[in-house]
Amino acid sequence: MRIATWNVNSLKARLPRVEEWLGYAQPDVLCMQETKLADAAFPALALSALGYESVSHGDGRWNGVAIASRVGIDEVEVGFGSDADEQGCRVVAATCGGVRVHSVYVPNGRVVGSEHYAAKLAWLKELRVLVERTSASTDLVSVCGDFNVAPEDRDVWDPVALEGSTHVTEPERQALRDLEACGLVDAFRQQYTEGGLFSWWDYRAGNFHKHLGMRIDLILLSKSLADSLTYALIDRNARKGQQPAAHAPVFVDVTL
DNA sequence: ATGGTTGCGAAGCAA
């Protein structure tokens, strides 16, 4: 089973690239973030034509998450059902091929010390509560998405230059570790240990070509799933060409 | 890096 995640930065603008990618990467499940589409505008028919059922959680202009699956999509759960949902449509979960899949778009946090930064940490805590609850009832859990946190210094191009800015601060990294303490592992790091492997590059200043990026798009797997991990990849090629998203898709293969 | 690009929507915000 191939599980993927991709911050598409507008599914409306990116639909051709997503269709293309589904065609050659052949994921069984694709979690998307920043769809920027209301549910009513979600291109379910286009995905259906490629063999994918889908679920969208979006209200329009900002944020928006979705899951597309060709192995079934049941028991859909939208949001947290708590105050944290006021930060936008940022989490949707569904059971796909026996796996409890979460598509998450963690708040950016903007400036360290701002109310947005505090809200980001609160949101991550709420995600932990959700995952703890889910993990109590199933061993097959994956949390996929744009975490807006680079787990370690090796996940950014220059930790010194970034010191004190969001995505790399200790409270954010601790919040991520707290989430992983629910029994999840960063699947990519089961396969690769080296630095300089990124999933996001700012559009500006040719950062992609200068290799100035971060690895902030993660697939967290429960131990039962991680034990069957056979492959993981950041599809850097998908960041090239016509109208790329700022993020590359990431996927894992598990023998399920 | 202290500028720069993209998407949405039609100016400025968010990333």
Side-chain angles (χ1 to χ4, degrees), chain A residues 5-21 31-43 46 56-66 84-91 103-124 127 144-151 153-169 172 175-176 195-196 198-218 234 236-250:
Chain A
T5 185
W6 195 2
N7 179 326
V8 297
N9 185 24
S10 170
L11 185 54
K12 184 180 171 187
R14 215 68 59 206
L15 185 58
R17 295 295 304 251
V18 171
E19 291 174 319
E20 174 194 34
W21 194 77
C31 296
M32 289 171 276
Q33 301 85 37
E34 282 204 88
T35 56
K36 297 187 176 182
L37 288 173
D39 294 342
F42 190 83
S56 160
H57 177 43
D59 58 9
R61 189 169 175 188
W62 308 113
N63 312 310
V65 287
D85 289 333
E86 288 167 21
Q87 294 192 62
C89 300
R90 295 178 176 277
V91 57
S103 179
V104 305
Y105 178 44
V106 177
N108 175 286
R110 303 191 198 177
V111 177
V112 176
S114 68
E115 59 179 310
H116 298 281
Y117 178 76
K120 176 182 193 174
L121 296 176
W123 196 94
L124 281 164
L127 180 60
C144 316
D146 177 358
F147 283 77
N148 272 316
V149 179
D153 280 353
R154 61 181 165 168
D155 297 311
V156 302
W157 80 91
D158 185 351
V160 175
L162 290 167
E163 191 154 7
S165 57
T166 53
H167 299 60
V168 301
T169 67
E172 290 165 277
L176 182 59
F198 307 134
S199 67
W200 170 83
W201 303 259
D202 198 302
Y203 278 125
R204 296 169 285 189
N207 275 12
F208 177 70
H209 302 286
K210 297 178 193 167
H211 306 290
L212 304 179
M214 298 189 198
R215 191 176 69 90
I216 55 177
D217 299 274
L218 311 176
I234 300 172
R236 202 174 172 282
N237 284 330
R239 180 62 173 74
K240 305 174 182 173
Q242 296 258 312
Q243 292 189 292
H247 298 249
V250 182

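All chains are named by letter (A, B, ...) in the order of the sequence lines, taking the proteins before the strands, and each is independently numbered beginning at 1. Heavy-atom basis, side chains included; hydrogens, waters and symmetry copies ignored. Worth saying up front: this structure is predicted, and the values here are computed from it rather than measured.
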May I ask you to decide if Ile216(A)'s main-chain N or O and Ser199(A)'s side chain share a donor-acceptor pair within less than 3.5 Å?
yes

I'd like the P distance from dG7(B) over to dT2(B), given in whole Å.
25 Å

Among Gln33(A), Glu34(A), Arg90(A), which one satisfies side chain to side chain donor-acceptor pair (under 3.5 Å) with Tyr105(A)?
Glu34(A)

For nucleotides dA10(B) and dT5(B), find the distance between their P atoms and express it as a whole number of Å.
24 Å

Can you tell me the distance, in whole Å, between the NE2 atom of His209(A) and the P atom of dA1(B)?
19 Å

Would you mind reading off the distance between Arg17(A) atom CZ and dG7(B) atom P, rounded to a whole angstrom?
11 Å

Mapping His116(A) and Tyr203(A) onto DNA chain B by nearest heavy atom, which one lands closer to the 5' end?
Tyr203(A)

Residue mapping more 5' on DNA chain B - nearest nucleotide basis, Leu11(A) or Gly109(A)
Leu11(A)

Nearest-nucleotide pick for Ala161(A), side chain only, options being dA1(B), dC8(B), dT6(B):
dA1(B)

Take the angle between the ring planes of Trp200(A) and His167(A) and call it parallel below 30°, perpendicular above 60°, tilted in between.
parallel

Heavy atoms from C-beta onward define the side chain here; which of dA11(B), dA1(B), dG7(B) lies closest to that of Arg204(A)?
dA1(B)

Round to a whole Å and report the spacing from CH2 of Trp201(A) to P of dT6(B).
16 Å

Write down the distance between OH (Tyr117(A)) and P (dA15(B)), rounded to a whole number of angstrom.
16 Å

Is a side-chain N or O of Arg239(A) found less than 3.5 angstrom from the main chain of Ala245(A), in a donor-acceptor match?
yes

When the C1' atoms of dA11(B) and dT6(B) are compared, how many Å lie between them, rounded to an integer?
16 Å

Would you kindly give the CG-to-C1' distance between Asp158(A) and dT2(B), to the nearest whole Å?
14 Å

Provide, to the nearest angstrom, the distance between the NZ atom belonging to Lys36(A) and the P atom belonging to dC13(B).
15 Å

Any donor-acceptor N/O pair, Lys120(A) side chain to Asn148(A) backbone, under 3.5 Å
yes

Measuring only the C1' atom in each nucleotide, how far is dA15(B) from dG4(B)? A whole number of Å is fine.
13 Å

Between dA14(B), dA1(B), dA15(B), spot the one nearest the side chain of Trp62(A), thanks.
dA14(B)

What integer distance in Å separates Asp59(A):CG from dA14(B):C1'?
14 Å

Contact class for Asn148(A) vs. all strands (heavy atom < 4.0 Å): base, sugar-phosphate, or nothing?
nothing

Would you measure the distance from the C1' atom in dA14(B) across to the matching atom in dG9(B) and give it in whole Å?
13 Å

Less than 4.5 Å apart, side chain to side chain, heavy atoms only: is that true for Lys36(A) and Asn9(A)?
yes

Tell me the interatomic distance from Asn7(A), atom CG, to dA14(B), atom P, rounded to whole angstroms.
17 Å

From C-beta outward on Arg110(A), which listed nucleotide comes closest to its side chain: dA1(B), dA15(B), dG7(B)?
dA15(B)

Nucleotide nearest Arg90(A) when distance is taken to its side chain, options dG7(B), dA11(B), dA15(B)
dA15(B)

Of all the choices, dG9(B), dA1(B), dG7(B), which nucleotide is nearest to the side chain of Arg61(A) once you look at every atom?
dG9(B)

Counting side-chain heavy atoms from C-beta on, which of dC8(B), dT6(B), dA15(B) comes nearest to Tyr105(A)?
dA15(B)

